[in-house]
Amino acid sequence: MRREIVVGFDGSPQSRTAVEWAARECGTSRAELTVCHVWDGPHAEREAAITGQVRRLAGRTLIEGVELAERLLPGWAVRSIMARGSPGPELVSLSRAAEMLVVGCRGLGGVAGLLLGSVSAHVATRALCPVLAVRQADPASPPSPGNVVVGVDGSACSAAALRFALGHARLHRLPVHVIHARKDTSPQPGWEVERWLAETVASLSGDHSGVAVTAGAVSQLPLPALLARSRQARLLVVGSRGLGCVRARVLGSVSQELLHRASCPVAVVKQHD
């Protein structure tokens, strides 16, 4: 079965970091790598010359991204795609056959700026595969040590996020910390939440032997709880949306806030039927 990781590239420092992360994932998982650059330009026929200039610039940008990936993966066959249109929908269309979509959280402005914050938010909510959003400024820096932190709330989406976190941690030999954040006013007794959390972890960790897993419930709103733990994490994983049986919202608007405010890369995972 063909496995592919797609990374969006626009020439910005954030997108260079995205290529670095995607290359590292491919090198570890042995998946194929596709570098995609989405461009747009004047649509009127009378401006065909300008459109041609923009297209040539887009081609050079794509070549830059591919060459960066090839330097990170010597001897690897890197696939390239140049698409014209709106970046969000074009990247989402590529997610249909991808194992993971990697994007930068912010990019350049104007016609050349294709991976803006709104694009990462768009693909995180609509992509058909997990989306990994990175924002580190220095693509040459090694990933910071730490664990994989995953937020759960009892929904099917957060169960998918936990499965992804466990798989990523096993692949990269990292520990996992599972966190369930809830308001102090939660009607569910603390011991019942702890039991549910332990049962959830046990039900999904059987296929990921060797991964060190810790779990805990905190009496705190999900967003500040996850933001605080992102400072020491290698990766933060959440579901794209949902409201679980214990009434702690970790998903939806929280995942959008985490994309822009977390101190580490964020993976957003969607549950599929």
Side-chain angles (χ1 to χ4, degrees), residues 2-27 29 31-124 126-127 129 131-143 259-260 265:
R2 181 172 177 267
R3 301 170 59 219
E4 178 187 32
I5 293 175
V6 176
V7 56
F9 183 77
D10 71 351
S12 68
Q14 290 79 10
S15 70
R16 292 179 65 87
T17 306
V19 170
E20 181 191 305
W21 267 81
R24 184 182 302 114
E25 291 299 314
C26 288
S29 67
E32 297 179 17
L33 178 60
T34 296
V35 178
C36 176
H37 178 66
V38 186
W39 72 284
D40 200 359
H43 294 279
E45 292 184 3
R46 63 186 177 82
E47 299 186 31
I50 298 176
T51 302
Q53 293 173 2
V54 175
R55 184 181 180 88
R56 285 191 292 274
L57 176 61
R60 289 195 293 271
T61 300
L62 179 60
I63 290 172
E64 178 188 349
V66 171
E67 289 178 345
L68 172 60
E70 290 175 339
R71 288 196 299 273
L72 296 167
L73 291 169
W76 214 271
V78 178
R79 181 175 176 234
S80 64
I81 294 178
M82 186 168 72
R84 180 178 181 181
S86 179
E90 291 297 330
L91 291 171
V92 168
S93 69
L94 293 175
S95 73
R96 295 190 181 98
E99 180 176 291
M100 183 189 299
L101 177 60
V102 185
V103 295
C105 285
R106 297 186 183 276
L108 301 169
V111 173
L114 302 178
L115 293 181
L116 302 174
S118 60
V119 175
S120 62
H122 180 95
V123 298
R126 293 170 175 81
C129 67
V131 174
L132 180 62
V134 299
R135 65 191 311 175
Q136 291 172 290
D138 184 3
S141 298
L259 285 174
H260 300 293

Exercise. Report the C-alpha separation of V103 and L91 in whole Å, then their side-chain angles, then the decisive distance to 0.1 Å, and conclude whether the side chain to side chain contact (heavy atoms under 4.5 Å, CB included) test is met.
Key: CA-CA 9 Å; V103 295; L91 291 171; 4.1 Å; yes
Exercise. Tell me, with the steps shown, if V123 and L101 meet side chain to side chain contact (heavy atoms under 4.5 Å, CB included).
Key: CA-CA 8 Å; V123 298; L101 177 60; 4.0 Å; yes
Quiz item: Are S29 and R3 close enough, and set up right, to give a side chain to side chain contact (heavy atoms under 4.5 Å, CB included), and what steps lead you there?
Solution: CA-CA 9 Å; S29 67; R3 301 170 59 219; 3.4 Å; yes
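Contacts of A22 classified as side-chain contact (heavy atoms from CB on, under 4.5 Å), with partners at least two apart in sequence or in another chain: I5, V7, L33, V102.
If you take CE on M100 and OG on S95, they are separated by 13.0 Å, rounding to the nearest 0.5 Å. Between L57 atom CG and W39 atom CH2 the span is 10.0 Å, to the nearest 0.5 Å. For the atom pair L73 CG and C26 SG, the distance stands at 6.5 Å (nearest 0.5 Å).
Taking all atoms of both residues into account, the shortest heavy-atom contact from G11 to S15 is N-OG, 3.2 Å. The minimum heavy-atom distance linking A124 with V131 is given by the pair CA-CG2, 4.0 Å. Annotation for G65 and V19: closest pair O-CG1, 4.2 Å, computed over non-hydrogen atoms. Minimum interatomic distance between E99 and C129 (heavy atoms only, all atoms of both residues): O-CB, 3.9 Å. Closest non-hydrogen pair, V134 versus P265, comes out as CG1-CB, 3.8 Å. A pairwise comparison of heavy atoms in C105 and A133 identifies SG-CB, 3.7 Å as the closest pair.
In terms of modelled atom types and a separation under 3.5 Å, the side chain of R126 and the main chain of G88 share no donor-acceptor contact. In this structure, H37 contributes its side chain and F9 its backbone to a donor-acceptor pair below 3.5 Å.
Contacts classified as side chain to side chain donor-acceptor pair (under 3.5 Å) and involving residues 57-70 (residues at least two apart or in different chains) are given here: R16-E64.
Taking 4.5 Å as the limit, some side-chain heavy atom of E90 sits within range of a side-chain heavy atom of S93.
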